[in-house]
Amino acid sequence: MAARVFSGIQPSGEPHLGNYIGAIRNWVADQERYDNYFCIVDEHAITVPYEPAEMRSRVRELAAVLVACGIDPERSVLFVQSHVPEHTELTWLLICNTPMGWLERMTQFKDKAGSRRERVGAGLFTYPVLMAADILLYQTSVVPVGDDQKQHVELSRDIAGRFNNLYGEVFTVPEPVIREVGARVMGLDDPTKKMSKSVEGQHHAIGLLDEPDLIRRRIGRAVTDSLREIRFDEERPGVHNLLTIHHALSGQDRSAIEAHFEGKGYGDLKKEVAEVVVEALAPVRRSYAEITADPETIDGILEEGRERARPAAEATMESVRRAMGLR
Ligand code: TYM
C-alpha cells in the first residue's frame, strides 16, 4: 500500500507563492505516489484574532485554490479540519501527554507571541499539539512541509514516541519531508523575513490568484541590493530569493540561470522572474475560475473529503481511547 501523506494549510490570509513553492506544488507532484490527506486547518486559524463572518468563505476559496493548483479530489482526500471532530478530541488527550518544556521551545510561538506572551490565547501555545493530532490521527508516515514547519513536525514525532512508550504502540511516527529548493521563500519587501500570510503590505507577497500586472509590479518593487552580480549568494537575500523563485518554477539549473543573467542588470532579472511567475500561475487562475463557476462543486468536494477522512480518524481514536483507559 502507498505510504500515507498528511499536510495542512491555514485559511488565514491569501495563499501565496511561498505556500505554493514550499508545499502545494510538492503535494501535487507526489500525489500519485502516495495515499494523501490534505487538510484546510480552520481550527489553527482561530488561534489569532480573525473575522468569523469571513471564515467559511476563506475555507472554500482555499479549497478551490488547492484544486486549481492540481490537488485531485478523486486521488487525494481534501477536507476541512473542523468537519472531523476527532482532531480536537485527540488534541486534548495529547496535550495531557506533552511536557510544557517541549512547547516552550517552539520558535514559532516565540515569534508570534513576542512581547504579548501573557495576553495571547492559550491556543497559540498549544497550536503544535493540534498539528500533531492532525498528523497522528491518520497514521501518517510522510509530512511534506516548508522549512518553517519542521520543528512542529519533529515535535509530532516526539509526541508519538512518548505516547507509544506510555500506552503501547498506537501511532505511526511521521517524518517531515522538506524539499531543498524553495523551502523558505522570502518576503519581497524584506528578504530577511519569510513570505507570510500574516504580514500586511502591498509588496510583501505574491498571491496565487494575483493578476499578471500585479505580479509584475510586485516583483518590480522587490528589495534587492546595491551590487550588480546576479548569483545564488545567500549573503544577498533579495537577489537570492528572486533567483530561487525562478529556479523552483522554471526548473532550470542554477548554473544555467546564472549564465543566462551574466552581464544583465536587476531590471532584467525582475522582468524575467515576473514572467516565470506569471506563466506558472496562469493555469491556477484559469482553473480557479472554472471551479468556482459553480459554487456547489467545492462544497461537494469538501463533503466527500469529510466522509473519507472520518473513518480513518475514528479508527485511530478508538485505539487511543482503549490504550488510555477511556470509555
Ligand atoms: P501554513 O498555512 O502557514 O503554510 C502552509 C504550507 O506552506 C509552507 N510555507 C512556506 N514554504 C516556503 N516558503 C514560505 N515563505 C512559506 N510559508 C508557508 C508551510 O511550511 C506549510 O507547509 N501549521 C501549518 C499547517 C498545519 C499542518 C498540519 C502542516 C496544520 N496541521 C499538519 C502539516 C501537517 C501552517 O500554519 O502552515
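All ligand and atom numbering here is 1-based and tracks the order in the structure.
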Q: Side chains of Asp72 and Gln31: is there a donor and an acceptor less than 3.5 Å apart?
A: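 On atom types as modelled, these side chains do not qualify, holding no pair under 3.5 Å.
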Q: Nearest 0.5 Å please: distance from the CD atom of Glu175 over to the OG atom of Ser141.
A: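 Between atom CD of Glu175 and atom OG of Ser141 there are 9.0 Å.
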Q: Tell me the ring-ring contact (aromatic ring centres under 6.0 Å, His included) pairs involving residues 146-165, sequence neighbours left out?
A: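 Only Tyr127-His152, Phe163-Tyr167, Phe163-Phe171 qualify under ring-ring contact (aromatic ring centres under 6.0 Å, His included).
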Q: Tell me: protein heavy atom nearest atom 7 (O) of ligand 1, and distance?
A: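 Here the closest protein heavy atom is Asn19 ND2, 3.1 Å.
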Q: Any idea which of His152, Gln149, Lys193 brings a heavy atom closest to atom 21 (C) of ligand 1?
A: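 It is Gln149 whose heavy atom sits nearest to atom 21 (C) of ligand 1.
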Q: Can Glu303 and Arg306 be counted as an ion pair, charged N to O under 4.0 angstrom?
A: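 The answer is yes: the pair qualifies as a salt bridge.
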Q: What atoms in ligand 1 come closer than 4.0 Å to a heavy atom of His16?
A: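 Taking each heavy atom of His16 in turn, ligand 1 has 17 (N) under 4.0 Å.
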Q: Could you walk me through whether Tyr37 and Tyr138 pass the ring pair (Phe, Tyr, Trp, His ring centres under 6.0 Å) test, one step at a time?
A: CA-CA 8 Å; Tyr37 283 69; Tyr138 297 94; 4.9 Å; yes
Q: Keeping the roles fixed (side chain from Arg327, backbone from Arg322), state whether a donor-acceptor pair exists under 3.5 Å.
A: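 Judged by distance alone, no pair lies under 3.5 Å.
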Q: Specify the protein heavy atom at minimum distance from atom 10 (C) of ligand 1: its residue, its atom name, and the distance to 0.1 Å.
A: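 Protein heavy atom at minimum distance: Gly18 O, 3.4 Å.
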Q: Working to the nearest 0.5 angstrom, can you tell me the gap between Leu136 CG and Thr316 OG1?
A: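 Result: 9.0 Å between the selected atoms.
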Q: Counting from 1, what ligand 1 atoms have a heavy atom of Ser7 closer than 4.0 Å?
A: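 Result: 33 (C), 34 (C).
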Q: Given His44, His87, Lys197, which one has a non-hydrogen atom that is nearest to atom 3 (O) of ligand 1?
A: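 The nearest heavy atom belongs to Lys197.
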Q: Given salt bridge (charged side-chain N to carboxylate O under 4.0 Å, His left out), test Arg218 with Asp210 step by step and report yes or no.
A: CA-CA 10 Å; Arg218 288 184 164 165; Asp210 283 355; 2.7 Å; yes
Q: Between the side chain of Asp190 and the main-chain N/O of Thr192, is any donor-acceptor distance below 3.5 Å?
A: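 Pair found, side chain donor or acceptor close to backbone of Thr192.
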Q: Taking only heavy atoms of Gly22, which atoms of ligand 1 are found under 4.0 Å from at least one of them?
A: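 Atoms satisfying the 4.0 Å criterion: 11 (N), 12 (C).
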Q: Considering the heavy atoms of Asp134, write down every atom of ligand 1 situated less than 4.0 Å from one of them.
A: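 Listed by number with element, the hits are 28 (C), 30 (C), 31 (N).
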Q: Under 4.0 Å from a heavy atom of Ala23: which atoms of ligand 1 are those, numbered in the order shown and with their elements?
A: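 Counting from 1, the qualifying ligand atoms are 6 (C), 7 (O), 22 (O).
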Q: Which residue owns the protein heavy atom closest to atom 22 (O) of ligand 1, what's the atom, and how far is it?
A: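 Protein heavy atom with the smallest distance to atom 22 (O) of ligand 1: Gly146 N, 3.2 Å.
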Q: Strictly by ring-ring contact (aromatic ring centres under 6.0 Å, His included), give each pair with a member in residues 191-231 just once, sequence neighbours left out.
A: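 Counting only pairs at least two positions apart or across chains, no ring-ring contact (aromatic ring centres under 6.0 Å, His included) contact touches residues 191-231.
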Q: Will you find, in the side chains of Glu272 and His260, an N or O donor that is under 3.5 Å from an N or O acceptor?
A: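 Checked: Glu272/His260 side chains pair up, N/O donor to acceptor below 3.5 Å.
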Q: If you measure from atom 19 (C) of ligand 1 to every heavy atom of Val41, Val5, Asp148, which option wins on shortest distance?
A: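 Going through Val41, Val5, Asp148 one by one, Asp148 has the nearest heavy atom to atom 19 (C) of ligand 1.
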Q: I'd like to check which ligand 1 atoms, numbered from 1 as shown, lie under 4.0 Å from a non-hydrogen atom of Met195.
A: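 In order of number, 14 (C), 15 (N), 17 (N).
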Q: Would you call the rings of Trp27 and Phe38 parallel, tilted or perpendicular if under 30° counts as parallel and over 60° as perpendicular?
A: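 Ring orientation, 0 to 90° scale: parallel.
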Q: Would Gln81 count as a contact residue for ligand 1, given that I'm defining contact as a non-hydrogen atom of the residue lying under 4.0 Å from a ligand atom?
A: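 No; Gln81 lies far enough from ligand 1 that no heavy-atom distance drops under 4.0 Å.
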Q: When you look for heavy atoms under 4.0 Å from ligand 1, do you find them on the side chain of Ile135, its backbone, both, or neither?
A: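 It is the side chain that gets close, since no backbone atom is under 4.0 Å.
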Q: Heavy-atom contact under 4.0 Å between Ile21 and ligand 1?
A: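 Per 4.0 Å heavy-atom rule, Ile21 does not contact ligand 1.
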Q: As an exercise, identify every atom of ligand 1 less than 4.0 angstrom from a heavy atom of Val143.
A: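 Those of ligand 1 that fall under 4.0 Å from Val143 are 33 (C), 34 (C).
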Q: Around atom 28 (C) of ligand 1, find the nearest protein heavy atom and jot down its residue, atom name and distance.
A: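 It is Met131 CG, 3.4 Å.
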Q: Among all protein heavy atoms, pick the one closest to atom 13 (N) of ligand 1 and tell me residue, atom and distance.
A: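 For atom 13 (N) of ligand 1, the nearest protein heavy atom is Val185 N, 2.8 Å.
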Q: Looking only at protein heavy atoms, which one is nearest to atom 29 (C) of ligand 1, and what is the separation?
A: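 Scanning the protein heavy atoms, the shortest distance from atom 29 (C) of ligand 1 goes to Gly8 N, 3.4 Å.
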Q: What atoms of ligand 1 come closer than 4.0 angstrom to any heavy atom of Ala183?
A: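 Once the distances to Ala183 are compared, the set is 11 (N), 12 (C), 13 (N).
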Q: For Tyr127 and ligand 1, does the shortest N/O to N/O distance drop below 3.5 Å?
A: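 Indeed, backbone or side chain, Tyr127 has an N or O that close.
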Q: Would you say the rings of Phe232 and His246 are close, in the sense that their centroids are separated by under 6.0 Å?
A: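 Not close enough - the centres of the two rings lie 6.0 Å or further apart.
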Q: Touching ligand 1 at all, Pro15? Heavy atoms, strictly under 4.0 Å?
A: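 Under 4.0 Å: no for Pro15.
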Q: Among the clusters formed by ILVMFWY side chains lying less than 4.5 Å apart, do Leu124 and Ile46 turn up in the same one?
A: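 Leu124 does not cluster with Ile46.
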Q: With respect to Gln10, determine whether any N or O atom, backbone or side chain, lies less than 3.5 Å from an N or O atom of ligand 1.
A: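 Such a contact does occur with ligand 1.
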